[in-house]
Amino acid sequence: MDLRSPIARARGLGSAKDGTGHFWVQRLTAVAMVPLLVWFVASLVSLAGAGFEQTHAWLASPLNAVLAVALLLALFWHSMLGLQVIIEDYLHAAWLKLPTLIVLKFAHLLLAIAAVYAVLRIGMGS
Amino acid sequence: MMSRPERPTSPHLQIYRWELTMALSILHRATGAFLSLGLLFLVCWLLAVAAGADRFAAVDAFLGTAVGTVLLLGWTFSLFLHMGNGIRHLFWDIGVGFDLGVARASGWAVLGFAVVATGVAWWCGLGGAAWT
């Protein structure tokens, strides 16, 4: 027997209002990032002290550029979902929560675009 | 809008006995948030590589400072801890490892992994200039 009032039923569950998609995408991006991050961290370690030319050449190679973009997309998506949960847990006043979430979402979007732009710029040769 | 009156709450952090499981849960969130902050720097670094040798040298110089090194070390450890604990979470998601003994053991494994992986990465990275 559902004990919720009709309006609660209409408004959706909990502080996030919707959870299944969030839960699944968070896991999906996490799984994708395990191999991607192993590759990325190993690459960065090998590039330590390498200097500009080598770093630039590494990022310019097609395979590295594609993997880097894949990692970046997963990273920003995962980060957005994670920060969303943190905000929802600690900010309850609607006038504070909603703008914060929106600003965070836009910031993630903008930074993701900037990051992908940088990788493409390196790959196409600036 | 009327602010809610201050009501007394029961003590929690002051009295609850610390468990590894608690600590890792908190660290998972904290490292996650810190890593999100690191994304800002990652974008700066990428844009610097795209911009040219001068910008790159500037970012590289910052990484060489004490602050830069501490931040990088922090991000490295945070990454390995968050990833290790994340995998631990994935096992919980399929229902494996909930027994308290197992959860504690996996917790220690995650902590150990984070420390070792950070050490290995930095050892390789610092020795990297000598090898390449």
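Both backbone and side-chain heavy atoms feed into the values below; hydrogens, waters and symmetry mates do not. Every chain is numbered from 1 and lettered A, B, ... according to where its sequence line falls, protein lines coming before strand lines.
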Intermediate values then yes/no, side chain to side chain contact (heavy atoms under 4.5 Å, CB included), A:F76 and B:V43: CA-CA 11 Å; A:F76 279 99; B:V43 176; 3.6 Å; yes

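Heavy-atom distances place the side chain of A:L37, and not its backbone, under 4.5 Å from chain B. Only the side chain of B:L90 comes within contact range of chain A, with at least one heavy atom under 4.5 Å from a heavy atom of that chain. With a 4.5 angstrom heavy-atom cutoff, A:L120 does not touch chain B via any of its atoms. Both the backbone and the side chain of A:I86 come within less than 4.5 Å of a heavy atom of chain B. Heavy atoms closer than 4.5 Å to chain A are found in the side chain of B:H82, but not in its backbone. For a residue to count as touching a neighbouring chain, one of its non-hydrogen atoms must lie under 4.5 Å from one of that chain's; by this rule A:L83 touches chain B with the side chain only.
In this structure A:R27 satisfies the salt bridge (charged side-chain N to carboxylate O under 4.0 Å, His left out) test together with B:D93, sequence neighbours excluded.
Among A:A30, A:S79, A:A60, the residue with the largest count of heavy-atom pairs under 4.5 Å with chain B is A:S79. Between chain B and the residues A:V34, A:V31, A:L47, the largest count of heavy-atom pairs under 4.5 Å involves A:V34.
A centroid separation of less than 6.0 Å is found between the aromatic rings of A:H56 and A:F52. With ring centers used as reference points, A:W39 lies under 6.0 Å from A:W58.
Counting non-hydrogen atoms of other residues, nucleotides and ligands closer than 6.0 Å to CZ of B:F98 gives a total above 12. By the 6.0 Å contact criterion, CD1 on B:I26 is enclosed, its count of non-hydrogen atoms from other residues, nucleotides or ligands being greater than 12.
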